[in-house]
Enquirer: 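Submitted below is the structure of interest, expressed as C-alpha cells.
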Amino acid sequence: MIAAEQYPKVYLYRRIVQAKLFIDNNYADKINLNNISDEAYFSKFHFIRLFKSIYGKSPHQYLKYVRIEKAKELLKNKVSVSEVCFLVGFDSISSFSGLFSKVVGESPSLYLANHQETKKRISQEPLAFVPGCYAYQHGWLENSNFEEVDE
Amino acid sequence: MITKMSITNIHVIDQDSAYDFYVNKLGFKVVDDIPMGPDTRWLTVSPPEQPDLQLVLFPVKVSKMFPKEVAENLIDLIKKGIFGCGVLTCNDIFATYEELKSKGVEFIKAPTKEFYGTEALFKDDSGNYFSLQPINNFGNENDI
C-alpha cells in the first residue's frame, strides 16, 4: 500500500494524463489547447508548467511532436505528402513541410523516397538487415548448421 | 573497446500481441519489421528517447532454435512471470503509472517508495515484468 503522503495528488496526475491522452487521440483535429487546460486544471499557466514537468514538453510542443511522429509513420507506409499533411492536422503543406524538415532534417518527400528505397532493399535482401547471429540461430541462413553444432 | 549495447532480446509468446503492447501501450517505436518466412518476423522496437537500443521481440515457438520441450518449458516460465526484463525510466512515475494503467497495463506493484527510490512493477502481455523508475533514482537525468 502507498502511504497518502507519497501519493497526494493522484487527481492532478489523472487530469494531466487525460490531457496528454486527449492530444494522442485527437492530434488530427483542430484541437484547442486552451480548452484542454480549462478542463485539466484551473489555471492555464499552472497546467502548462505541470504538463511540461511530467512530459518534458509543453502541450503545444507535445502536439507538434505527436503530429510529426504520426507523419513519419504514414510516410513510411507510402501515404502521399499532401495526404499526410491533412491526416495529421496541418492546414497547409508549406507549414507541414517546413516543420517536418526542421524537426526531422529532411523534407517529407525525401523522407518518403528514402523509405521506399530502404524497403526495396529489405525485400530484395532481408538478411542484410538482420544481425547474422540471429539469422544463423533461426536457420534463416542457407548454410546454417545450428543443430549439428548443438549435438 | 566495447562501447554500447545495441540489441537485446525480450522473449515473447505472441509477436502480434507483443507489437500491440510495446507500440500502442508503452509507446515504443518500431525499428525493424521484416518478414522472415511464413510466420516469423524480425521485429525490433526502441524506447521513445533511445533510438540506438533495439529490443528484439523474440517469439518463443517450436523451431530449429527451440526444440518442442524447450519451447514449452520456456513459455511456461514466461507466463509464470519468472523473467524480469529490466528497468524502464520515465520522467514522472505517478503520471506514467496513471497513463499505463488507463491503457490496461497490468501492474504488480503501484509506485512505492523503496530505499533506492520510487518503483512500480508491471507485466508485459507475455508475463515478463519490468521495473518502472523515475530518472532521478539513478541520478542519470543528464543522459536523457
Side-chain angles (χ1 to χ4, degrees), chain A residues 1-3 5-22 24-25 50-57 65-66 69-70 72-73 76-77 118-119 121-141 144-151, chain B residues 6-9 23-25 27-37 39-44 48-49 51 54 56-61 63-67 70 89-103 107 109-114 117-120 134-135 141 144:
Chain A
M1 279 303 289
I2 315 156
E5 65 270 19
Q6 285 174 349
Y7 205 178
K9 292 177 176 167
V10 61
Y11 66 95
L12 239 176
Y13 278 110
R14 288 202 181 131
R15 287 174 171 191
I16 299 291
V17 167
Q18 285 311 313
K20 188 255 184 192
L21 294 176
F22 181 83
D24 287 344
N25 294 327
L50 270 173
F51 192 99
K52 199 166 179 177
S53 76
I54 289 173
Y55 290 110
K57 293 178 176 69
Y65 165 82
V66 171
E69 288 301 311
K70 294 287 172 188
K72 284 191 324 206
E73 240 172 69
K76 279 184 190 169
N77 288 318
T118 311
K119 252 189 185 168
R121 284 181 50 213
I122 288 175
S123 69
Q124 281 164 355
E125 39 169 1
L127 285 174
F129 293 84
V130 175
C133 55
Y134 286 94
Y136 183 78
Q137 288 178 346
H138 277 285
W140 294 335
L141 297 180
S144 166
N145 57 350
F146 184 71
E147 281 176 336
E148 288 158 35
V149 173
D150 206 21
E151 275 160 28
Chain B
S6 341
I7 302 183
T8 185
N9 294 337
V23 176
N24 299 329
K25 291 188 175 156
F28 282 36
K29 302 256 151 45
V30 178
V31 184
D32 279 332
D33 188 355
I34 305 174
M36 287 285 166
D39 57 349
T40 313
R41 296 141 81 182
W42 170 250
L43 178 59
T44 71
E49 293 187 13
Q54 293 182 54
V56 185
L57 301 181
F58 201 96
V60 179
K61 53 187 171 189
S63 62
K64 205 166 189 179
M65 195 176 174
F66 298 112
V70 175
T89 306
C90 57
N91 284 324
D92 188 302
I93 191 166
F94 298 108
T96 308
Y97 170 70
E98 288 298 331
E99 180 177 340
L100 295 182
K101 226 174 47 166
S102 79
K103 290 179 175 172
F107 275 83
K109 180 165 110 178
T112 309
K113 210 165 194 172
E114 307 289 356
T118 310
E119 181 188 39
I135 18 180
E141 58 263 62
I144 303 290

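Naming convention: chains lettered A, B, ... in sequence-line order (proteins, then strands); numbering from 1 in each chain.
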Enquirer: Could you tell me which portion of Tyr55(A) (side chain, backbone, both or neither) has an atom closer than 4.5 angstrom to a non-hydrogen atom of chain B?
Expert: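 Contact with chain B involves both backbone and side-chain atoms of Tyr55(A).
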Enquirer: Considering non-hydrogen atoms only, spot the tightest contact between Ser53(A) and Asn91(B) and give its length.
Expert: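 Looking at all heavy atoms of both residues, the shortest contact is O-CB, 4.5 Å.
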Enquirer: Please give me the minimum heavy-atom distance between Val17(A) and Ala95(B), naming the atom from each residue.
Expert: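 What the structure gives for the nearest pair is CG2-O, 3.3 Å.
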Enquirer: I'd like a table of donor-acceptor pairs (distance under 3.5 Å, sequence neighbours excluded) in which one partner is a side-chain atom from residues 28-36 of chain B, with atom names and distances.
Expert:
from     : atom 1 : to       : atom 2 : distance (Å)
Lys29(B) : NZ     : Tyr65(A) : OH     : 3.1
Lys29(B) : NZ     : Glu69(A) : OE1    : 3.4
Asp32(B) : OD2    : Trp42(B) : NE1    : 3.3
Asp33(B) : OD1    : Arg41(B) : NE     : 3.0
Asp33(B) : OD2    : Arg41(B) : NH2    : 2.9

Enquirer: So how far is it from Arg14(A) CZ to Glu99(B) CD, rounded to the nearest 0.5 Å?
Expert: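 So the gap between those two atoms works out to 13.5 Å.
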Enquirer: Go through Val130(A), Asp24(A), Ile122(A) and name the one with the most non-hydrogen pairs under 4.5 angstrom from chain B.
Expert: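 It is Val130(A).
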Enquirer: I need the Tyr13(A) OH to Asp92(B) CG distance, nearest 0.5 Å.
Expert: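 Rounded to the nearest 0.5 Å, the OH-CG separation comes to 3.5 Å.
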Enquirer: Heavy-atom distances under 4.5 Å only: say whether Ile54(A) touches chain B with side chain, backbone, both or neither.
Expert: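 Both backbone and side chain.
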Enquirer: Heavy-atom distances under 4.5 Å only: say whether Lys119(A) touches chain B with side chain, backbone, both or neither.
Expert: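 When you check distances to chain B, no heavy atom of Lys119(A) falls under 4.5 Å.
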Enquirer: In terms of heavy-atom proximity below 4.5 Å to chain A, should Thr44(B) be classed as side chain, backbone, both, or neither?
Expert: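 Neither part.
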Enquirer: Please list, chain by chain and in numerical order, all residues satisfying salt bridge (Lys or Arg N to Asp or Glu O under 4.0 Å) with Glu114(B), sequence neighbours excluded.
Expert: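 Per chain and number, Glu114(B) pairs via salt bridge (Lys or Arg N to Asp or Glu O under 4.0 Å) with Lys109(B).
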Enquirer: To the nearest 0.5 Å, how far apart are CG in Leu21(A) and NZ in Lys103(B)?
Expert: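 One gets 5.5 Å once the value is rounded to the nearest 0.5 Å.
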Enquirer: Let me know if Ser102(B) has heavy atoms under 4.5 Å from chain A in its side chain, its backbone, both or neither.
Expert: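 The answer is the side chain of Ser102(B).
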